[in-house]
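Basis for what follows: all heavy atoms, side chains included, without hydrogens, waters or symmetry-related copies.
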Amino acid sequence: MIITPAEPHDVAKLLSFREEAAAWLRGLGSDQWSRPYPADKLLATIEAGTVFMLRDGHTTAGTVTLTPDAEEGLWTDDELAEPSMFVNKLTIAREYAGQDLGGRLLDWAGDRAHRAGARWVRLDAWTTNEGLQRYYLAHGFTHVRTVREGTAVNGGPRVSGWLAQRAARPVDHGFTDYTAEPAALSAQRR
């Protein structure tokens with residue numbers, strides 16, 4: 001499998017991934033991702049070069065967003081002073097479930113963050129999705145705290161404030177990486 005940067009034409013695929021994941025989560029009793037995500041915001045992240053696609057031949061198996069920009073109101077000033085990258089919107093197509101591709105994408109993100117000079121790879125997870133939280137803990141993340149105040153990126157109250165982090169480190173994730181070398185964090189934040 002290969003990892004490539006997302007392209008503008010991937011917006012429809014990314015939105016359908018989100019809808020597929022939301023339907024699956026509803027079946028588990030979770031309201032995660034039940035609010036539509038604005039396509040224009042998704043396109044902006046693609047154009048910023050922070051969205052990556054996991055491809056299996058001509059099929060998209062998964063996606064992850066990895067950005068040096070933290071969502072407003074989640075991390076403290078002291079935490080933001082530490083070099084970090086943030087994982088968002090990790091999604092695996094249901095037909096690829098059960099292969100730990102999500103865990104390998106987290107490894108890829110940690111490796112890429114390390115190459116960019118990050119100390120931490122951080123994320124925020126759905127506050128009420130305890131299964132997802134256990135998943136991240138099982139993949140080496142440590143819970144930092146849960147933030148319930150604030151507004152979600154796509155409107156409404158904050159629902160994704162379970163914060164976790166793990167050290168960014170080199171790792172063999174097993175994917176063929178067709179992305180450009182990441183810019184150094186110090187260069188990104190100037």
Side chain to side chain donor-acceptor pair (under 3.5 Å) partner of S84, the single match among R122, Q165, R119:
R122

Smallest separation among heavy atoms of [X] and [Y], with atom names:
X    : Y    : answer
A168 : A113 : CB-CB, 3.9 Å
A70  : F86  : CB-CZ, 3.5 Å
A61  : L101 : CB-CD1, 4.2 Å
G73  : V147 : O-CG1, 3.8 Å
A125 : L132 : CB-CD2, 4.0 Å

Distance (rounded to the nearest 0.5 Å) between [X] [atom1] and [Y] [atom2]:
X    : Y    : atom1 : atom2 : result
L105 : M53  : CG    : CE    : 11.0 Å
T128 : W162 : OG1   : CH2   : 12.5 Å
H143 : L163 : NE2   : CG    : 6.5 Å
L74  : E79  : CG    : CD    : 10.0 Å
T63  : L42  : OG1   : CG    : 8.0 Å
D124 : W75  : CG    : CH2   : 8.0 Å

Given R166, which partner from the list Y136, F141, W120 fulfils the side chain to side chain contact (heavy atoms under 4.5 Å, CB included) test?
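By the side chain to side chain contact (heavy atoms under 4.5 Å, CB included) criterion, R166 pairs with just one of Y136, F141, W120: F141.
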
M85 pairs by side chain to side chain contact (heavy atoms under 4.5 Å, CB included) with which of L66, D69, T67, T50?
L66

Could you check whether any side-chain N or O of [X] sits under 3.5 Å from a backbone N or O of [Y], counting only pairs where one atom can act as donor and the other as acceptor?
X    : Y    : value
T127 : G161 : yes
T91  : K89  : yes
Y135 : G103 : yes
E7   : I46  : no

Determine whether the side chains of T179 and D177 contain a donor N or O and an acceptor N or O closer than 3.5 Å.
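On atom types as modelled, these side chains qualify, holding a pair under 3.5 Å.
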
Ionic contact status for R104 with D111, cut-off 4.0 Å
no

Before you tell me yes or no, could you show the steps for L54 and Y96 under side chain to side chain contact (heavy atoms under 4.5 Å, CB included), namely the whole-Å CA-CA distance, both residues' side-chain angles and the distance that decides it to 0.1 Å?
CA-CA 11 Å; L54 178 62; Y96 287 88; over 6 Å; no

Surrounding CG of D172 (heavy atoms of other residues, nucleotides or ligands, distance under 6.0 Å), is the total greater than 12?
no

Within a radius of less than 6.0 Å around CD of Q99, do more than 12 heavy atoms belonging to other residues, nucleotides or ligands occur?
yes

Is there a side-chain contact between [X] and [Y] (heavy atoms, below 4.5 Å)?
X    : Y    : result
R55  : Y178 : no
H139 : D100 : yes
Q133 : T146 : no

Treating Ile, Leu, Val, Met, Phe, Trp and Tyr as nodes and any side-chain heavy-atom pair under 4.5 angstrom as an edge, say whether V171 and F175 lie in one connected cluster.
no

